[in-house]
Protein chains: 2
Amino acid sequence: MPLQPVVRRSVPDEVFDQVLGEVVDGGIEPGETLPSERRLAEVLGVSRPAVREALQRMAQTRLLEVRHGGSTTVRDFKRFAGLDLLPQLLVRRGNLDAAVARSVLEARLAIGPSVAALAADRGGPALAAALEGTVDALAATDDDVERQRHALTYWDQVVDAADSVVFRLMFNSLRAAYEPALEALAPAMAEEVGQAGAYRVLTAAIAAGDPDTARAAADRVLRPATDSLIAALSALDLQNDEEKHS
Amino acid sequence: MPLQPVVRRSVPDEVFDQVLGEVVDGGIEPGETLPSERRLAEVLGVSRPAVREALQRMAQTRLLEVRHGGSTTVRDFKRFAGLDLLPQLLVRRGNLDAAVARSVLEARLAIGPSVAALAADRGGPALAAALEGTVDALAATDDDVERQRHALTYWDQVVDAADSVVFRLMFNSLRAAYEPALEALAPAMAEEVGQAGAYRVLTAAIAAGDPDTARAAADRVLRPATDSLIAALSALDLQNDEEKHS
DNA sequence: AACGCCAACTGGTCATACCACTTGACCTGC
DNA sequence: GCAGGTCAAGTGGTATGACCAGTTGGCGTT
């Protein structure tokens, strides 16, 4: 087995994860109050600053409402959590959540073509050369993990060219959720990143400054793997349901 | 003037904002190291735990890289920041950033129709009734602020029906950026939220379970205000440029 | 019964001490 | 001279205890 970097989990990290689990898995309903910081510190066997740091981080993502002098209440994460929570929802307790994964694929398919269209509209000649270089690199390797990285680089360049802060931030959030599982997903994504030709067509459309063609080409890059993965996820889901009922 | 709730800014909040400003405005380049926690505490005249809390919160949003024993370095927020940073980018130092606002409008126009299509595909009969009720409420008031709130509720219901975690989280993030400025934006959005008819067409398409029609109808709801606002922002931008050069 | 005060509890902040880790200079042995 | 190990200094990580500041609810007064 290949050597892995040791994971060093700090105390606040641990507390954060535990409280997050309670909130996300419904152990504490929205509107309920959390135990006081002192009490939590006592129960968890850690110092109050450690608890405090975890709760403040959670408050920053709008999952808690902390009131000076009053109690700390849990908010409805489905209504208030931002996209930065995606990594924690995508893989919970070490398992991939099929419904979340499906929605990631759907979002990718919905947004990618729009970004490509914007890039076609705004990208200059330098962009085309850069994209071609990335596709060349993608085509030059046989390793699926490497190919995925090149594909990520490719989309990174497209997003840059789209010159949209919002899409850039969305891309960053999605990448943060995706990258940790990149190696595990290599077989599943092999179909997509193996199609260098589709990327070349997209590159040509972007280089030509043709938004509509670029949109369609991006769809052709993303759709096949999206469809087959969603089908696979559905099958997995049915299977899990059967196991539960047996 | 109407009484306003007092804003209570905690010490870590203040530190967070200051450091964030340095990072976002380029006062500290990516890769550079931050002063040590003790040093920062001394310079800012606050305690180390306060500094620590601010830095940890910043690290959670991937804007800093904190290494135990080593130094804390600044990361490139353009590459790593998630969508949750949007509120702070949209309005910086009290001013609306035109480029960011434009990208919000673009993203809204690109994503809204896709979400509507998903909702049409997945929504049941209960959804149609709920949406109609919201449009009725929207049509029943003359106050632009109230109308905006109803429009938000409308989209909230659509996003719910789309049954997609990712789009839900994106919507939450966008709303978090949008709501604080809701009152200021009332005149700008009046054009859109005044068109109850367009919402009714969209509602009918969703109720009919027709994704393609819903997509087109959503586009018609969002596009007019999007186009005119982007035009207004461009004019504003040119004007600012002229002021700079004069 | 209504009001106002106050004690108890909550989060907010600070100072300080010590632990754990990284770094780089220095020193050793070859 | 240089590869190796050693160690001190500096960094972030954690804990403790104290006190400030705001909220809440009960209890007494009116």
Side-chain angles (χ1 to χ4, degrees), chain A residues 3-20 22-23 28-75 77 80, chain B residues 3-20 22-23 28-75 77 80:
Chain A
L3 295 177
Q4 294 286 320
V6 302
V7 287
R8 220 190 317 272
R9 299 181 57 70
S10 75
V11 173
D13 282 349
E14 195 72 38
V15 176
F16 183 91
D17 278 0
Q18 284 205 37
V19 179
L20 180 66
E22 288 295 307
V23 171
I28 311 179
E29 294 293 313
E32 279 188 55
T33 70
L34 225 54
S36 73
E37 293 181 354
R38 294 168 230 266
R39 180 122 194 75
L40 271 177
E42 192 186 346
V43 171
L44 298 175
V46 299
S47 72
R48 197 181 145 205
V51 170
R52 182 180 169 69
E53 189 181 306
L55 295 189
Q56 288 297 329
R57 279 164 53 183
M58 197 136 340
Q60 162 154 337
T61 54
R62 300 188 291 274
L63 266 53
L64 294 181
E65 186 166 2
V66 179
R67 279 181 311 244
H68 186 177
S71 53
T72 299
T73 62
V74 175
R75 303 180 77 183
F77 80 94
F80 294 100
Chain B
L3 295 175
Q4 294 286 321
V6 303
V7 288
R8 220 190 317 272
R9 299 181 57 71
S10 74
V11 173
D13 281 349
E14 195 70 40
V15 176
F16 183 91
D17 278 0
Q18 284 205 37
V19 179
L20 181 66
E22 288 295 307
V23 171
I28 311 179
E29 294 292 315
E32 278 188 56
T33 71
L34 224 55
S36 73
E37 293 181 356
R38 295 167 227 268
R39 182 120 193 78
L40 272 176
E42 192 185 347
V43 172
L44 299 174
V46 298
S47 71
R48 197 181 145 207
V51 170
R52 182 180 169 70
E53 190 181 305
L55 295 190
Q56 288 296 330
R57 279 164 54 184
M58 197 140 336
Q60 164 155 336
T61 55
R62 300 189 291 271
L63 265 55
L64 294 180
E65 185 167 1
V66 179
R67 276 182 312 241
H68 186 177
S71 53
T72 298
T73 61
V74 175
R75 305 180 76 183
F77 80 94
F80 293 100

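Note: hydrogens, waters and symmetry copies are ignored here, and every other heavy atom, side chains too, is used. Letters A, B, ... are given to chains in the order of the sequence lines, protein chains preceding strands, and every chain is numbered from 1.
- In this structure, CG of L34(A) is placed 16 Å from C1' of dC9(C), rounded to the nearest angstrom.
- Comparing dG12(C), dA15(D), dC21(C) against the side chain of R52(A) picks out dG12(C) as the nearest.
- Counting to the nearest Å, the C1' atom of dG12(D) and the CD atom of Q60(B) are 18 Å from each other.
- What separates CG of L64(A) from P of dG11(C) is a distance of 11 Å, to the nearest Å.
- One interatomic measurement links the two molecules: CG of L44(B) to P of dT13(C), which rounds to 14 Å at whole-angstrom precision.
- Looking only at side-chain heavy atoms (C-beta outward), E14(B) and L44(B) stay at 4.5 Å or farther from each other.
- In the set dG22(D), dA15(D), dC14(C), the nucleotide with an atom closest to the side chain of S47(B) is dC14(C).
- Nearest nucleotide to the side chain of Q56(B), out of dT14(D), dG13(D), dG11(C): dG13(D).
- Atom pair M58(A):CE and dG11(C):C1' shows a separation of 16 Å (rounding to whole Å applied).
- Distances shown here put every side-chain N or O of S71(B) at or beyond 4.0 Å from the OP1 or OP2 atom of dG10(D).
- In this structure, D13(B) places its CG atom 13 Å from C1' of dG11(C), rounding to the nearest Å.
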| message | Checking D17(B) against R9(B) for the salt bridge (Lys or Arg N to Asp or Glu O under 4.0 Å) test, could you report, in this order, the C-alpha distance in whole Å, the side-chain angles of both residues, the deciding distance, and whether it holds? | response | CA-CA 10 Å; D17(B) 278 0; R9(B) 299 181 57 71; 2.4 Å; yes
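- Atom P of nucleotide dC14(C) and atom CD of E53(B) are separated by 11 Å, given to the nearest angstrom.
- Distance from the side chain of R48(B) is smallest for dT14(D) among the nucleotides dT14(D), dT11(D), dA15(D).
- In terms of polar N and O atoms assigned as donor or acceptor, the side chain of H68(A) never comes within less than 3.5 Å of the base of dG22(D) in a complementary pairing.
- For the pair L55(A) and A50(B), both in contact range of DNA chain C, the more 5′-proximal nearest nucleotide belongs to L55(A).
- No donor-acceptor pair closer than 3.5 Å links the side chain of E53(B) to the backbone N or O of A50(B).
- Considering only the side chain of P49(B), dC14(C) comes nearest among dT14(D), dC14(C), dG12(C).
- For R38(B) and dC18(C), the CZ to C1' distance is 10 Å, given to the nearest whole Å.
- Comparing dT14(D), dT10(C), dT11(D) by their closest approach to the side chain of V11(A) singles out dT14(D).
- For dG22(D), the base has no donor-acceptor partner in the side chain of R8(B) [N/O atoms by modelled type, under 3.5 angstrom].
- Looking at heavy atoms from C-beta onward, V15(A) lies out of side-chain contact with L55(A) at the 4.5 angstrom threshold.
- Geometrically, R62(A) does not engage F80(A) in a cation-pi contact defined by less than 6.0 Å to the ring centre and at most 45° from the axis.
- The listed nucleotides are dG13(D), dT13(C), dG11(C); the one nearest the side chain of E37(A) is dG11(C).
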